[in-house]
2 protein chains.
Amino acid sequence: MNISIQVSATLYLKDPTSSEIGLKILTEGIQLMQDLGFEAFTFKKLAQNIQSTEATIYRYFENKHYFLLYLINWYWGIISYRLMLATTNVTDKRQQLTNSIAVLTGLPDSSHPGYIAEEMKLKQIVIHESGKALHTKMVDDENQNGIYLNYKSIVSTVAELVKTIDPSFPYPEMLISNLIENANHQRFFSVHLPRLTNTSPEQDAVEAFSHLIIQKVLQS
Amino acid sequence: MNISIQVSATLYLKDPTSSEIGLKILTEGIQLMQDLGFEAFTFKKLAQNIQSTEATIYRYFENKHYFLLYLINWYWGIISYRLMLATTNVTDKRQQLTNSIAVLTGLPDSSHPGYIAEEMKLKQIVIHESGKALHTKMVDDENQNGIYLNYKSIVSTVAELVKTIDPSFPYPEMLISNLIENANHQRFFSVHLPRLTNTSPEQDAVEAFSHLIIQKVLQS
DNA sequence: ACAAAAATAATAGTATTACTATCGAAATTG
DNA sequence: CAATTTCGATAGTAATACTATTATTTTTGT
């Protein structure tokens, strides 16, 4: 199912991919998180959905905050894997960057290599909930525990490409983290506050915007 | 105190600027929201801090979610006012845009015209908590109630400038909302996840990055 | 200056959430 | 097949996010 996507072991008490019920917690949990949003999501409701009990879920995850972190980490693991697929055997650095930007800011679809069934739902969760996972008083501790390594390594890898292509550009990490965050923001705006953006669910322009920025900003 | 900063009346039950205790709710509330973060902030704690009771605060604000929305709306009201100050009597459209980008992405300091004491604290709250206010199942209702008008009007005004300067640029609103959101994100990263950015609290590069993007992306 | 109205403080109470604890039954494993 | 882990069922607790009531203080209109 997971094609060995890595999720940091500090995020769970017991590996949810190691048992039937753990996998049910994940798949039903993703669905419920999407349906209810982080605030209204509770382990009690999830337990009812999988015909189990709160106590069982608490044996896998410390609390719903960690459960959300797990899902987000999983998402970035998938993206990391797709980034790798999109750049291996591509010799031109420019093309590697273009492909990377496509993976980071484009919309996934089932034709992409490495596509995983949960990716779409996880992406929605990342768009709607990742701010709540990150902007917490516990960020620094969690960062210390390696919880953001997947994300940081993605930014770092693509920023290195930027540095190779245009060593004079002074803000490579800022550029990449901006494009990643922007993609999620704009897709949220496109649905809920369309006046703030020029993309729509029908005519998605996020990837095109991102390529334009890269093209205008980097000298090759 | 407020220099007539407008905050949407749908955000409060009773205008907190209309009484002593209302003003105390605001000033102490800002402080407590900053100190505790949205999750740990409660009306009970705020009531203790101002030597009053929960019930009194509930007469001013429906709940802490609306209280946060009020603070964020207030912040954008201040920015709106500073935007106006930064562009009136400036004839050159390019210069108007540059000044606007400075207001939107730069750091406020007490020497700026229109500086308000609470601005710095409010900015910190916007950086840390605005995602939690926005990414909610109630966004659409709140948007209907005009709660994001301040923010939308800022993006719209500056996007109009972009359109005047470069009518061929296809994503004016996306560009501006991106630069605004990015400024807050990068400042959060600079403190908590410095590997994701190229700005730091000591050497703030957010405004410079924003000017660079504008300069490279728009043809004049 | 004073009666009427509004605002506040003090207190109590409720439903829900986010857990923790216990314990017997079922499943797994060595 | 005995030992261990896992799970389900149930109970319980502290905190949160409110709502309700009432007595007291403050404000306001005249």
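Every chain is numbered from 1, with letters handed out A, B, ... down the list of sequences. Because the structure is predicted, anything quoted here is derived from the model rather than measured.
Summarising the geometry, the separation between CG on Leu36(B) and P on dA17(D) is reported as 12 Å, rounded to the nearest angstrom. Atoms NE2 (His65(B)) and P (dC18(D)) sit 11 Å apart, rounded to a whole Å. Regarding Asn49(B), its CG atom lies at a distance of 14 Å from the P atom of dA9(C), rounded to whole Å. If you measure from atom CD1 of Ile25(A) to atom C1' of dT6(D), you get 12 Å, rounded to the nearest angstrom. As a whole-Å value, the separation of Phe61(A) CZ from dC7(D) P is 13 Å. Regarding Lys64(A), its NZ atom lies at a distance of 15 Å from the P atom of dT16(C), rounded to whole Å. The separation between Tyr58(A) atom OH and dC19(C) atom P is 4 Å, rounded to whole Å. Look at CD on Glu54(B): it is 10 Å from C1' on dT19(D), rounded to the nearest Å.
Taking only side-chain nitrogens and oxygens, Thr53(B) never comes nearer than 4.0 Å to OP1 or OP2 of dT8(C). Look at Tyr60(A) and you won't find any side-chain N or O under 4.0 angstrom from OP1 or OP2 of dT6(D). Applying the 4.0 Å criterion to OP1 and OP2 of dA18(C), one finds that Lys44(A) has every side-chain N and O outside that range.
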### Query
Along nucleotides 21-30 of chain C, 5' to 3', which nucleotides get a B, which get an S, and which get a -, given that the test is a protein heavy-atom distance under 4.0 Å?
B---------
#### Entry: side-chain contact (heavy atoms from CB on, under 4.5 Å) between Tyr70(B) and Leu26(B), intermediate numbers included
CA-CA 9 Å; Tyr70(B) 181 97; Leu26(B) 290 182; 3.4 Å; yes
### Task
Evaluate side-chain contact (heavy atoms from CB on, under 4.5 Å) for Glu181(A) paired with Asn182(B), printing each intermediate quantity in order.
CA-CA 8 Å; Glu181(A) 294 299 318; Asn182(B) 180 54; over 6 Å; no
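Shown here for Ile30(B) and Ile125(B), the closest heavy-atom pair between the two residues is O-CD1, 3.5 Å.
Mapping Ser52(B) and Ala40(A) onto DNA chain C via the closest heavy atom, the residue that lands nearer the 5' end is Ser52(B).
The side chain of Ser19(A) lies closest to dC7(D), out of dC7(D), dT20(C), dA9(C). Checked against dT17(C), dA17(D), dT8(C), the side chain of Lys45(A) finds its nearest nucleotide in dT17(C). Proximity note for Lys14(A) (side chain, C-beta onward) versus dA9(C), dT20(C), dT6(D): the nearest is dT6(D).
The six-membered or imidazole ring of Phe41(A) lies near that of Phe67(A), with a centre-to-centre distance under 6.0 Å. Separation of the Tyr12(A) and Tyr66(A) ring centroids does not fall under the 6.0 Å cut-off.
Residue Tyr151(A) forms a ring-ring contact (aromatic ring centres under 6.0 Å, His included) with just one option from Trp76(A), Trp74(A), Tyr75(A), and that option is Trp76(A).
Seen from the ring of Phe38(B), Lys64(B) counts as a face-on cation partner, given the 6.0 Å and 45° thresholds.
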